[in-house]
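Just below is one structure, and these are the notes that go with it.
The figures that follow rest on heavy atoms only: side chains count, while hydrogens, waters and symmetry mates do not. Model, not experiment: these values are computed from the prediction. So that the names make sense, note that chain A is the first sequence line, chain B the second, and so on, each numbered from 1.
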Protein chains: 2
Amino acid sequence: MVLDERKYMILKAIIDDYIITAMPVGSRTVSRKKGVGFSPATIRNEMSDLEELGYLAQPHTSAGRVPSDKAYRLYVDSLLNSEELTVEEKKRIEDYIARRSGQVEDVIRAAADILADATQYTSVVVAPRIQSLRIKRVQMVPVDENTALMIVVTSAGIIKDALISIPPDMSSENLYSISEMLTRELKDHTLSEVRQIFARVFRDMSMNRRLLGGVMKVMEEKLVEDAPEDIVIGGTTKLLNYPEYSDIEKAKNFLTLFENKDRLAGMLKRAGGMEITIRIGRENEIEALQNCSLVTATYRVGNNASGTLGVIGPTRMNYRRVVSMMEYMGEVISKMLSGGNE
Amino acid sequence: MVLDERKYMILKAIIDDYIITAMPVGSRTVSRKKGVGFSPATIRNEMSDLEELGYLAQPHTSAGRVPSDKAYRLYVDSLLNSEELTVEEKKRIEDYIARRSGQVEDVIRAAADILADATQYTSVVVAPRIQSLRIKRVQMVPVDENTALMIVVTSAGIIKDALISIPPDMSSENLYSISEMLTRELKDHTLSEVRQIFARVFRDMSMNRRLLGGVMKVMEEKLVEDAPEDIVIGGTTKLLNYPEYSDIEKAKNFLTLFENKDRLAGMLKRAGGMEITIRIGRENEIEALQNCSLVTATYRVGNNASGTLGVIGPTRMNYRRVVSMMEYMGEVISKMLSGGNE
DNA sequence: CGTTAGCACTCACTTAGGTCGAGTGCTAAT
DNA sequence: ATTAGCACTCGACCTAAGTGAGTGCTAACG
């Protein structure tokens, strides 16, 4: 069923109002809005229809109406000719992110902070999945007699380093030359190809079998398999400022969500792929988010890898602003992380 | 004024009860406790005295009494013949921490988690101050044409790495030999001595002036000066489970505290030095903590560096348990971080 | 004289009833 | 089709009364 012009306008007016006030909207309020030339009574009739259609709900009989998830969905699907950001805002974003050295972690962190700050909602940023990044260099640095630090450099910058144990008689020079060899072999391959390459190379290399075995194990565990997702959260407490979270129980539920990053990551990943995704209220699978909306965007690193940006806010969030924000952030981050060294 | 035996016993009984229930304690409740052979009336008289002395307070006339900060202070100062942990608990702590590779960051993180989990309060762990650690090795690894990753290894393990820019014509071998040179020069010196050493070495090394200048700058900025403290928080939302935080405003204040890690770090640092410190209620400088207690402990890394553990809970926290917990944790972490490679 | 029983008193908390007002749905007039 | 009018609903807010845990004081007791 398609809404006629007037119903649509009224619905929009209600949503717009509710987004700001978080209070049920009554017919009088709507009729007073400029551009609406009808009396409260007429509005009431329409509102009644809209309620029947599932776009509005009444918290109780004699209260105004509140938009339903379905209403937001409609709103979002249609009204989103995303509002442009002002030049100042764009500049601010770029500056803030560009100040980072370009190391993945830093950029991610900065992105989360600025997203939370600019939207006043909670933000989540997932680091790019690294399996499909191309290796540029492998280097092991001795730390003490039994341990070395292994660093893998990819096209997107440094991948989180890992400690591995080395045979006690291994010299620093030896380690260096093995690193060189590894770099030679693995260069330009993706991390997910490491296993096959090792299988091939291993045959010729019986001498350093133990060390190389260790290297591969670490790469597999830490880098290839779905390791604990690298995920950063900004503005955790931002949502506490909104009246829908004045209930301590809800707040607790919400905050606890962030202590289990894996679940969060899973959720975001499922949303991934699309350029922009919006999950409104019940559309979220995680219970604690069912009175929130989640907006996600994907950014790319090079040609293969990608990560996810997310903003979590009340269902009555300012979708326009958030979406345009995310679109722009996605661009900037992609440029930042792919740029220069591809 | 020293409390007589009986007053003391009654005060202790009240505190013990209040720690568990978080409700004002009445005379009847106290008199019913085993070991207390007096009628409510007698207790009342004593309680009245204790109130006059500043150890108890009444939320309102016809409520029971609540211990004051002063009472906790007395309690803490005297009753703390710290209760031993059970063998299982000790084992659990050790296991949990020992599973970590020994990299500082991991240990810190693990410590925060287990502290929060075991106490059910919020925990804070500050990484060891690194200025006074001795350098074991300096290594630069090329990342791309213009950038290298600099790694400084100290006696406590790896110190957070930093990106520095390098001249475009610098070869990988060249970088390696410079690293070797740096290691030679800086080995066994503390990070705070770097500046003088550089001043001395610089004269001889006009060729790589720019690179070395960069190295020193990074070391100074990131490693020596009071860089943004490396600090980790565990169980952020734990306190929300206690009734004293059922007020959303207080909760918000409290949680916001953790978004500014520098302030937290400052606070903890000020407490540092002592083996165990306890700040009760108003004794805390930060306003948001004035109805909390903060227990801190210091751990050592090698002979010079040290870091801080902290637990934040309601003033009615279980001091005994927390203190013994922290004492043991301090030991374990010190052993963990100093051990093996000193 | 320290201890205790007794009693009047206080005061937060709960419950019930009462008013207020924003908002509704329906009906009848325009 | 629109709107004015009106009875109705129901949460929010206020007040009053009742309840009970706890107190302080006083007088009696061993």
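- Side-chain contact of Tyr75(B) with Asp16(B): a donor-acceptor pair under 3.5 Å is present, judged by distance alone.
- Atom CG in Leu56(A) sits about 11 Å away from atom P in dG25(C), given to the nearest Å.
- The side chain of Arg28(B) contributes no N or O atom lying less than 4.0 Å from OP1 or OP2 of dA5(C).
- Thr308(A) and Thr296(A) share no side-chain donor-acceptor pair at under 3.5 Å.
- As a whole-Å value, the separation of Asp4(B) CG from dT3(C) C1' is 15 Å.
- Judged by the 6.0 Å distance and 45° axis criteria, Lys250(A) is not positioned over the aromatic ring of Tyr245(A).
- Proximity of residues 58-69 of chain A to DNA chain C (heavy atom under 4.0 angstrom from any strand atom) is restricted to Gln58(A), Thr61(A), Ser62(A), Ala63(A), Gly64(A), Arg65(A).
- A distance of 6.0 Å separates OG1 of Thr298(B) from CD of Glu275(B), quoted to the nearest 0.5 Å.
- Distance CG/Leu85(A) to CZ/Arg92(A): 11.0 Å, rounded to 0.5 Å.
- As rounded to whole Å, 17 Å separates atom C1' of dA1(D) from atom CD of Glu5(A).
- The backbone N or O of Thr86(A) lies less than 3.5 Å from a partner atom in the side chain of Glu89(A), making a donor-acceptor pair.
- Residue Cys292(B) holds its SG atom at 5.0 Å from CZ of Phe254(B), rounded to the nearest 0.5 Å.
- Nucleotide dT3(D) holds its C1' atom 17 Å from the CZ atom of Arg32(A), rounded to whole Å.
- Separating the CZ atom of Phe38(B) from the P atom of dT4(C) is a distance of 7 Å, rounded to the nearest angstrom.
- Separating the NZ atom of Lys7(B) from the C1' atom of dT3(C) is a distance of 14 Å, rounded to the nearest angstrom.
- Across the protein-nucleic acid pair, Ile43(A) atom CD1 and dA1(D) atom P stand 16 Å apart, rounded to whole Å.
- Judged by distance alone, the side chain of Asp69(B) and the main-chain N or O of Arg282(B) form a donor-acceptor pair under 3.5 Å.
- For dT3(D), the OP1/OP2 oxygens have a side-chain nitrogen or oxygen of Ser39(A) closer than 4.0 Å.
- Relative to the six-membered ring of Phe38(B), Arg6(B) meets both conditions, a distance below 6.0 Å and an angle of at most 45° to the axis.
- A heavy-atom distance below 4.0 Å to DNA chain C is reached by these residues of residues 44-52 of chain A, ordered by number: Arg44(A), Met47(A).
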